[in-house]
2 protein chains.
Amino acid sequence: MLQDLNGRSQPEYLPLVREGGDEAAQRGRGRPRDEVARGRILTAALEILEEAGFANTTADAIAERAGASKATIYRWWPNKGAVLIEALREQVAQETPFPDTGDVARDIREQLSDFIALLTGRRGRIFKAFIAAAQSDAEFADAFRQVWIRPRREQAQALLRKHIVEGRLPADTDLEVVMDAIYGPIYFRLLAGHAPLTAEFAEGIATMALQALLNSGV
Amino acid sequence: MLQDLNGRSQPEYLPLVREGGDEAAQRGRGRPRDEVARGRILTAALEILEEAGFANTTADAIAERAGASKATIYRWWPNKGAVLIEALREQVAQETPFPDTGDVARDIREQLSDFIALLTGRRGRIFKAFIAAAQSDAEFADAFRQVWIRPRREQAQALLRKHIVEGRLPADTDLEVVMDAIYGPIYFRLLAGHAPLTAEFAEGIATMALQALLNSGV
DNA sequence: AATTTTCGAAACTTATTAGTACCGTAAATG
DNA sequence: CATTTACGGTACTAATAAGTTTCGAAAATT
């Protein structure tokens with residue numbers, strides 16, 4: 001089984017949310033942090049990652065594009081990786097949730113075609129870069145799973161679980177396997193690049209999964 | 001399969017094998033290349049890649065473990081990547097081909113459980129490292145596809161095509177999609193690491209694929 | 001024996017980049 | 001206005017690693 005569920009999602013270096021309305025007292029006396037610059041840094045990091053890949057996403061390049069100082073970056077993040085992880089988190093937070101159509105086939109088809117649309121857009125390179133980096137950096141691997149993979153899977157599983165409860169899918173459906181069966185092939189083409197990520201491909205994978213799901217118990 | 005039964009996949013800059021028994025004329029005058037050292041270098045490269053990942057597979061580390069000189073490496077390979085690609089090629093050439101059981105279900109189940117056994121062994125890290133490197137290096141991406149992905153897929157497809165011809169699978173089966181449907185989920189778990197690569201997982205994916213394949217046209 | 005080519009070892013050059021330190025200035029508080 | 005903290009810019013340090021060169025010795029040919 002999985003060794004997830006151990007919580008621990010927040011990196012320690014992020015300021016924890018503090019209660020109370022007295023922001024001034026929290027900020028202390030001096031010049032406050034430039035939140036606009038923070039946004040520019042995160043945006044620049046992700047843009048460079050998209051355009052030039054992980055190896056070329058240097059601290060200098062981020063600073064230059066953001067119109068910020070490298071010192072500002074290291075003032076707020078402990079290292080370069082932390083910038084990219086936080087940038088990914090903000091990017092993921094803007095993703096729209098899955099539609100709930102009430103129909104198993106439509107749910108799965110829409111999930112996969114939406115996902116392919118996401119990956120073939122500019123942001124596909126972000127996921128490629130993160131998965132690549134995760135292979136040699138455990139911190140990236142954890143972050144990618146916690147920030148992207150796990151929430152996405154839980155959301156998708158929740159939808160399918162509803163179909164199980166309401167009797168449209170067999171009770172013994174193994175949702176973990178189903179998740180990998182429908183998303184794994186798409187990630188595989190993204191990463192190996194041996195064949196294109198087309199709508200037809202998404203449709204083929206969805207059809208196979210649906211045939212397996214709907215014909216199994218009966 | 002690879003085209004390495006005769007010329008043993010020599011890089012172009014090496015003198016091609018010429019016919020005739022006159023080996024002396026081929027070699028020229030000086031000390032001949034140390035083929036044993038060549039083997040040690042390739043083995044060392046792959047071992048370090050397995051143990052320490054791509055980032056730590058440095059030219060110095062390879063030379064040290066091989067008991068060779070870095071100058072010898074660069075005497076025969078244009079760069080570090082070429083060493084790793086040739087090492088992968090030799091490794092792949094030693095893989096045993098798929099068994100042909102004559103039964104669709106057994107064929108697919110054995111392919112997947114063999115593949116998981118391969119990936120969970122020492123060599124799983126090799127594939128992880130290559131796919132990761134491929135994301136930022138087009139040369140690696142091409143090499144990985146040509147040396148590993150493509151031959152493997154063609155071999156697996158050939159087996160399934162036989163089942164189509166002999167009527168055990170529908171004639172309109174899209175083998176490209178099927179390949180990704182059964183191998184994609186395994187690569188996905190290997191690379192994302194969100195769940196373990198177990199025999200049960202292979203069995204679940206195989207079962208789903210078989211239900212889709214065998215229940216489709218009918 | 002003379003010549004040619006390779007070998008291992010090690011020093012070396014060159015390039016890149018993460019992260020730090022310092023500057024004068026800007027924006028906040030008290 | 002004095003103090004505090006953050007800012008952009010830039011120079012700097014330190015570490016790493018790819019690839020080259022040099023050297024004396026080894027293994028081959030002629």
Side-chain angles (χ1 to χ4, degrees), chain A residues 13 15 22-42 44-45 48-49 52-85 129 133 136-137 139-140, chain B residues 11 13-15 18 20-45 48-49 52-85 129 133 136-137 139-140:
Chain A
Y13 43 87
D22 197 5
E23 277 225 335
Q26 295 166 25
R27 272 207 315 267
R29 286 190 63 192
R31 174 176 176 172
R33 177 180 187 179
D34 187 340
E35 296 292 338
V36 177
R38 171 182 171 274
R40 285 202 314 267
I41 290 169
L42 294 177
I48 296 172
L49 192 65
F54 196 85
N56 293 323
T57 306
T58 65
D60 283 296
I62 295 171
E64 185 186 355
R65 174 167 312 205
S69 162
K70 215 163 48 155
T72 302
I73 294 177
Y74 286 101
R75 173 66 183 82
W76 296 108
W77 291 276
N79 51 55
K80 197 184 67 170
V83 178
L84 289 169
I85 290 171
S136 59
D137 185 323
E139 193 184 356
F140 268 92
Chain B
Y13 43 87
L14 284 183
R18 303 165 193 141
D22 196 6
E23 276 226 338
Q26 296 166 28
R27 273 208 311 269
R29 284 190 65 190
R31 176 176 176 173
R33 177 181 187 178
D34 187 340
E35 296 291 339
V36 177
R38 172 182 171 274
R40 285 202 313 268
I41 289 169
L42 294 177
T43 300
I48 297 172
L49 192 64
F54 196 85
N56 294 322
T57 307
T58 65
D60 284 295
I62 295 171
E64 185 186 355
R65 173 168 311 205
S69 163
K70 216 163 47 155
T72 303
I73 295 176
Y74 286 102
R75 173 66 184 83
W76 296 109
W77 290 276
N79 50 56
K80 197 185 66 173
V83 178
L84 289 170
I85 290 172
S136 59
D137 185 324
E139 193 184 355
F140 267 93

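In what follows, chains carry the letters A, B, and so on, assigned in the order in which the sequence lines appear, proteins first and then strands, with residues in each chain numbered from 1. Because the structure is predicted, anything quoted here is derived from the model rather than measured.
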On the side chain of [X], is there an atom forming a donor-acceptor pair with the base of [N] - under 3.5 Å, no angle test?
X       : N      : result
A:Arg29 : D:dT5  : no
B:Arg31 : C:dT6  : yes
B:Ser69 : C:dA9  : yes
B:Lys70 : D:dG19 : yes

Original post:
Which atom pair, heavy atoms only, marks the closest approach of A:Arg40 to A:Gly67?
Top reply: NH2-O, 3.6 Å
Original post:
Where is the tightest heavy-atom contact between A:Leu49 and A:Ala129, given as atom of each residue plus distance?
Top reply: CD1-CB, 3.6 Å
Original post:
Taking the six-membered ring of B:Phe140 as reference, does the NZ or CZ atom of B:Lys80 fall below 6.0 Å from its centre and within a 45° cone about the axis?
Top reply: no
Original post:
Quick one: is the NZ or CZ of A:Arg33 closer than 6.0 Å to the six-membered ring centre of A:Trp76, and within 45° of its axis?
Top reply: yes
Can you measure [X] atom [atom1] to [N] atom [atom2] for me and round it to whole angstrom units?
X       : N      : atom1 : atom2 : value
B:Glu64 : C:dA9  : CD    : C1'   : 12 Å
B:Ile41 : C:dC7  : CD1   : C1'   : 10 Å
B:Ile73 : C:dA10 : CD1   : P     : 15 Å
B:Asn56 : D:dA18 : CG    : P     : 10 Å
B:Ile62 : D:dA17 : CD1   : P     : 12 Å
A:Asp60 : C:dA15 : CG    : P     : 17 Å
B:Arg38 : C:dC7  : CZ    : P     : 12 Å
A:Glu35 : C:dA28 : CD    : P     : 12 Å

With respect to the phosphate group of [N], does any side-chain polar atom (N or O) of [X] fall under 4.0 Å of OP1 or OP2?
X       : N      : value
A:Arg75 : C:dC22 : no
A:Arg33 : D:dA6  : no
A:Thr72 : D:dG8  : yes
B:Trp76 : C:dC7  : yes
A:Tyr74 : C:dT20 : no

**OP:** Give one of base, sugar-phosphate or nothing for A:Ala71, where a contact means two heavy atoms less than 4.0 Å apart.
**Re:** base
Subject >> Contact check, side chains of A:Trp77 and A:Leu42, non-hydrogen atoms, under 4.5 Å >> reply: yes
Subject >> Comparing B:Arg40 and A:Thr58 on DNA chain C - which has the more 5′ nearest nucleotide >> reply: B:Arg40
